[in-house]
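Reckoned from all heavy atoms, side chains included, excluding hydrogens, waters and symmetry mates. In the text below, chain A, chain B and the rest are named by the order of the sequence lines, each starting its count at 1. Note that the coordinates shown come from a computational prediction; the quantities given were computed from them, not determined experimentally.
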Amino acid sequence: MARPNDEVAAVLQEYADLLAITGGDAFKSRAYEKAARALAGHPADVSRMDAKALRAVPNVGASIAEKVVAYFRDGSVPELDQARKSVPAGVRELVAIPALGPKKAMTLYQDLGISSVDELAGAIRSERLRGLKGFGPKTEENLLHGIALLRQSGQRVPLGTAMAVAEEVVAALTEVPGCERCAYAGSLRRMRETIGDVDVLVAADDSGPVMEAFTALPFVTEIVAHGAKKTSVRTTEGLQIDLRVLPADAWGAGMVYFTGSKAHNVHVRQIAVRDGLKLSEYGLFDTESGERVASATEEDVYARLGLPWIPPTLREDRGEVAAGLAGELPDVVTRDALRGDLHTHTDLTDGVATLEEMVLAASRLGYAYYAVTDHAPDLFMQRMTDAKMLAQRERVRELDGRHRRMRLLHGTELNIGPDGAVDWPPQFLAGFDLCVASVHSHFALSRDAQTRRLLRACENPYVNVIGHPTARRLGKRTGIDADLDAVFAACARTGTALEINGQPERLDLGDEEILRARQYGVRFAVDSDAHSTPGLDYVRYGVGTAQRGWLTADDVINTWPLRKLKRFLRKEGREETSG
DNA sequence: GCCGTTTTCGGCCCGACTGTTTTCAGTCG
């Protein structure tokens with residue numbers, strides 16, 4: 001749905017990057033960035049809007065509206081094509097390295113002719129950066145670290161990027177005559193945080209038309225392999241998509257096989273062997289007679305092995321097979337179980353939608369309650385003030401219950417300072433219905449210092465949720481170094497929830513940490529951290545991540561009825577401090 | 001380039017931190 005919006009936003013962002021690298025007007029570059037954000041976050045499909053309608057989108061003026069129209073009409077923007085000629089594509093890749101911005105990238109290119117990440121790595125190794133103005137030993141170290149981080153993520157793409165492509169493929173192939181079923185499988189269906197390639201399955205008697213339609217998709221740039229049963233392509237984003245076509249009666253076995261993981265499949269196959277059976281993507285067969293005993297649905301296949309249907313997000317061989325055999329699989333939390341979202345923004349700070357727009361969109365999701373949590377003043381660029389916050393609260397109270405009786409909570413996203421202090425004193429914090437508190441700065445403190453600041457935040461009687469607890473950015477920044485077990489224990493002790501932030505670049509906490517944290521009896525909040533109305537949908541990735549952490553609805557505070565949630569939000573120790 | 005207006009150009013998200021420098025540029029949130 002929002003895909004054309006994201007597409008044109010990426011184009012404008014690229015133009016903004018190129019303007020910054022070539023050292024043009026910084027405000028012009030910023031203007032393109034703002035427009036990109038506004039278009040990505042716009043609820044309506046911008047590819048269907050004319051220039052006049054586009055100009056009505058905030059931060060989109062005549063010039064950018066024209067470029068957007070040109071992009072959807074011609075598939076290109078002349079000014080961007082021009083800019084691309086003056087800066088090699090590899091130079092723009094350089095700014096993806098943490099600690100390396102447009103200025104330094106341009107210096108590297110102009111002075112040393114470096115135009116790719118590999119060339120930069122080589123230049124550092126051969127000490128060619130020595131003596132270059134602005135590049136000291138510490139910078140070299142930081143760049144090497146950044147390059148390592150970038151390479152570690154390799155060719156994998158964020159979950160959200162892969163999902164958008166996969167859903168488009170599934171929608172297109174579902175329309176092909178003869179396609180009986182179509183779905184994505186693989187690590188995407190398991191909701192892993194990054195995706196190497198996308199697996200799509202189709203059930204059809206004749207694979208021809210489906211394969212043809214697949215290779216003809218507009219974003220396909222390369223056909224890697226093309227056969228009757230399997231076709232692989234590469235997309236404009238460099239993502240590989242594998243399509244497998246199966247007979248309809250093998251659908252269940254195929255979905256089991258291609259959803260994986262490999263370790264899960266090995267484990268399940270061992271059980272089959274033990275029972276004198278053989279499992280392949282075409283079905284479960286009796287080893288002796290060769291007769292097919294199950295294949296039509298996943299439930300059939302698992303049932304014949306003495307297993308209940310296992311949610312895809314659990315299929316990692318992390319104990320789910322044993323739990324299934326013992327009848328002890330968790331009843332994992334689902335999106336439908338969410339009654340509200342506890343971390344969202346508006347255009348009062350860095351969101352692109354108004355309070356009214358966000359509230360209306362949230363009510364359409366069927367939420368019973370919804371929290372507005374704009375940034376607090378210590379994130380200086382947001383220019384928050386007490387007066388602005390109080391005025392917003394007044395407006396929130398007016399809107400409370402107006403849309404489908406959805407109840408509104410007025411909150412804030414506090415900043416956890418280096419010493420664990422937050423933006424406002426207790427008296428002011430007491431006026432909020434809930435407070436999320438997050439780390440937005442000082443990522444390089446010592447382990448002890450990081451742990452201390454998080455513990456102090458947990459112990460603050462007004463802090464209800466620790467937002468994106470490790471502050472990691474996938475492929476960009478590892479999480480802060482803290483004794484998370486101490487933090488988990490503190491959360492459990494103080495009645496502070498840990499957030500599972502659904503932003504695809506964050507997914508924080510991640511599944512491994514959730515699995516650990518739940519041992520402490522911690523509660524969690526699955527939030528979108530939305531900065532636009534389409535952004536509210538990010539809870540889907542948060543829910544997927546929560547499932548991967550084996551969480552049930554009871555573990556997640558925003559599945560609870562409002563009354564129970566409000567009790568949780570009144571932390572112990574509040575009365576003494578509230579004065 | 002966008003916005004808002006004091007209607008035609010001036011201001012635009014501001015401050016901290018890092019690493020480099022020797023007084024500050026670049027990057028980040």
Side-chain angles (χ1 to χ4, degrees), chain A residues 11-13 15-39 51 54-68 70 77 79-80 83 94-108 110-111 129-146 149 345-352 374-385 388 413-419 421 423 437-445 449 467-468 471-473 476-477 480 501 503 505-506 508 529 531:
Chain A
V11 164
L12 296 177
Q13 181 62 51
Y15 191 53
D17 287 347
L18 292 175
L19 288 172
I21 291 169
T22 52
D25 179 7
F27 289 111
K28 184 170 162 183
S29 170
R30 173 71 66 70
Y32 277 94
E33 273 183 8
K34 279 158 80 176
R37 265 167 47 78
L39 291 166
L54 286 165
R55 279 204 308 276
V57 177
N59 295 313
V60 176
S63 173
I64 291 181
E66 206 175 292
K67 291 185 176 71
V68 172
V77 181
E79 290 86 345
L80 173 61
L94 293 179
V95 301
I97 299 171
L100 185 57
K103 293 287 187 296
K104 284 198 156 116
M106 200 54 182
T107 302
L108 289 168
Q110 285 183 328
D111 292 8
L129 266 59
R130 302 288 162 86
L132 193 59
K133 197 168 154 55
F135 292 79
K138 197 75 185 162
T139 300
E140 281 190 2
E141 199 179 298
N142 290 341
L143 290 177
L144 284 175
H145 178 77
L149 206 61
H345 297 271
T346 75
D347 64 359
L348 184 62
T349 55
D350 56 353
V352 299
D374 271 314
H375 288 289
D378 289 356
L379 202 59
F380 299 99
M381 63 194 255
Q382 304 297 348
R383 295 178 143 184
M384 180 53 74
T385 63
K388 280 185 180 176
E413 182 182 12
L414 299 166
N415 302 287
I416 304 175
D419 58 353
D423 310 59
S438 314
V439 166
H440 289 125
S441 66
H442 300 86
F443 304 110
L445 297 179
H468 45 75
R472 70 173 178 173
R473 303 297 290 265
K476 293 223 171 81
R477 184 174 70 216
I480 55 172
N501 187 298
Q503 296 275 331
E505 293 76 31
R506 291 192 184 272
D508 185 9
D529 193 2
H531 288 68

Exercise for the section: Check A/Gly467 against A/Ser438 and note the closest heavy-atom contact, atom names and distance. Expected result: CA-OG, 3.4 Å
Exercise for the section: Keeping to residues at least two apart or across chains, list the side chain to side chain donor-acceptor pair (under 3.5 Å) pairs with something in residues 131-140 of chain A. Expected result: A/Arg130-A/Glu140
Handout entry: Complementary nucleotide of B/dT8, counting Watson-Crick and G-U pairs under 3.5 Å
Key = none
Completion exercise
Exactly one candidate in A/Thr349, A/Thr346, A/Asp350 meets side chain to side chain contact (heavy atoms under 4.5 Å, CB included) with A/His531; the answer is A/Asp350
Problem - Nucleic acid footprint by protein, nucleotides 20-28 of chain B - heavy-atom cut-off 4.0 Å, B for base, S for sugar-phosphate alone - result: SS----SSS
Handout entry: Plane angle bin for A/His440 and A/His375 - parallel if under 30°, tilted between 30 and 60°, otherwise perpendicular
Key = perpendicular
Problem - Under the salt bridge (Lys or Arg N to Asp or Glu O under 4.0 Å) test, residues paired with A/Asp378 that sit two or more places apart - result: none
Exercise for the section: Looking only at non-hydrogen atoms, find the nearest pair between A/Arg506 and A/Asp529 and report the distance. Expected result: NE-OD2, 4.1 Å
Handout entry: Neighbour count >12 (heavy atoms, 6.0 Å) for atom CD, A/Glu79
Key = yes
Completion exercise
Per the glycosidic torsion and the 90° limit around 0, nucleotide B/dT18 is anti
Handout entry: Nearest-Å distance once atom C1' is located in both B/dG29 and B/dC13
Key = 10 Å
Exercise for the section: Please state how far atom CG in A/Asn415 lies from atom P in B/dG15, giving the value in whole angstrom units. Expected result: 15 Å
Handout entry: Span that lies between the P atom of B/dG11 and that of B/dA16, in whole angstrom
Key = 23 Å
Handout entry: Partners meeting salt bridge (Lys or Arg N to Asp or Glu O under 4.0 Å) with A/Arg472 (sequence neighbours left out)
Key = A/Glu193
Handout entry: Distance, C1' atom - from B/dT18 to B/dC12, rounded to whole angstrom
Key = 26 Å
Handout entry: Phosphate OP1/OP2 of B/dA16: any A/His442 side-chain N/O under 4.0 Å
Key = no
Completion exercise
note: A/His531, atom NE2; B/dG29, atom P; distance rounded to Å ~ 13 Å
Problem - Between B/dC13 (P) and A/His345 (NE2): distance, integer Å - result: 18 Å
Problem - OP1 or OP2 of B/dT18 under 4.0 Å from side-chain N/O of A/Asn142 - result: no
Completion exercise
From CD of A/Glu141 across to P of B/dT18 the rounded distance in Å is 14 Å
Problem - Interatomic distance at C1', B/dG10 relative to B/dT5, whole Å - result: 11 Å
Practice task
In whole angstrom, give me the gap between the C1' atoms of B/dC9 and B/dG15.
Solution key: 28 Å
Exercise for the section: Please measure how far the C1' atom in B/dC2 lies from the corresponding atom in B/dT8, and state the result in whole Å. Expected result: 14 Å
Exercise for the section: Heavy atoms under 4.0 Å is the rule here; annotate nucleotides 1-12 of chain B 5' to 3' with B where the base is hit, S where only the sugar-phosphate is, and - elsewhere. Expected result: BSS--------B
Exercise for the section: Quick one: list whatever passes salt bridge (Lys or Arg N to Asp or Glu O under 4.0 Å) with A/Asp419, sequence neighbours left out. Expected result: A/Arg456
